[in-house]
Amino acid sequence: MIALYNAQDADGYVALMTDAACEATYRGAVLRDGKENVRSGLKAMFAQFPENRANIVSSYVLGEAVVLHETVSRAPDGEQFEVMSIYSFSDDKVDRVEFIR
């Protein structure tokens, strides 16, 4: 998924998600509800930040959850930040992603 994200392939990214998937803050507000809202949100972000990239610092798998520690840069000389992304699955597709930033 991160390779698709870095290629700014919103369609390929959401193809790995359930129809009801969402992105949210950790234990908080839903940012994008449903696959189509994730797709449109990503497309808008990619248009705003065409050089946006995420790099995985470390990853952990426990049961049906995957946790990624990432560094994200909006542009080579732009804003940079760290994020923990928690991916929950339903069968073989991502059902929820929660972000700690």
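Index from 1, following the sequence.
For E70 against A54, the heavy-atom pair with the smallest separation is OE1-CB, 3.4 Å. Of all heavy-atom pairs spanning A47 and P50, the tightest one is O-CD, 3.8 Å.
Within the 4.5 Å cutoff, the side chain of I2 has heavy atoms near those of the I56 side chain. Between N52 and Q8, some side-chain heavy-atom pair lies under the 4.5 Å cut-off. The closest side-chain heavy-atom distance from E51 to R74 is not below 4.5 Å. For the pair V30/E23, no side-chain contact is recorded, criterion being any heavy-atom separation below 4.5 Å from C-beta on. Between Y5 and M45, the closest side-chain pair of non-hydrogen atoms falls below 4.5 Å. A 4.5 Å side-chain heavy-atom check between M17 and M1 finds at least one atom pair inside the cut-off. Side-chain contact between R32 and C22 is absent, with no heavy-atom pair separated by less than 4.5 Å. A heavy-atom distance below 4.5 Å is not found between the side chains of V61 and V67.
A salt bridge between R101 and E79 is present, with a side-chain N of the basic residue lying under 4.0 Å from a carboxylate O of the acidic one. The pair R96-E98 meets the salt-bridge criterion, with a side-chain N (NZ, NE, NH1 or NH2) lying under 4.0 Å from an Asp/Glu carboxylate O. Taking the charged nitrogens against the carboxylate oxygens, K43 and D11 do have a contact shorter than 4.0 Å, which makes a salt bridge.
Side-chain contact annotation: Q80 with T71, donor-acceptor N/O pair under 3.5 Å absent. Judged by distance alone, the side chains of S88 and D95 never bring a donor and an acceptor atom under 3.5 Å apart. Judged by distance alone, the side chains of N6 and R53 never bring a donor and an acceptor atom under 3.5 Å apart.
In this structure, I100 CD1 and R27 CZ are separated by 10.0 Å, a value rounded to the nearest 0.5 Å.
Within a 6.0 Å sphere centred on CG of D91, heavy atoms belonging to other residues, nucleotides or ligands number 12 at most.
The cluster map of Ile, Leu, Val, Met, Phe, Trp and Tyr, joined by side-chain heavy atoms under 4.5 Å apart, puts V72 and V94 in the same cluster. V97 and V83 fall within the same hydrophobic cluster, defined by Ile, Leu, Val, Met, Phe, Trp and Tyr side-chain heavy atoms under 4.5 Å apart, directly or through other members. Hydrophobic clustering (ILVMFWY, side-chain heavy atoms < 4.5 Å, transitive): V38 and I86 are in distinct clusters. In the hydrophobic clustering of ILVMFWY residues, with side-chain heavy atoms under 4.5 Å counting as a link, L68 and Y26 come out apart.
T18 contributes a side-chain N or O that, together with a main-chain N or O of A21, makes up a donor-acceptor pair within less than 3.5 Å.
Taking the six-membered ring for Trp, F99 and Y87 have ring centres at least 6.0 Å apart.
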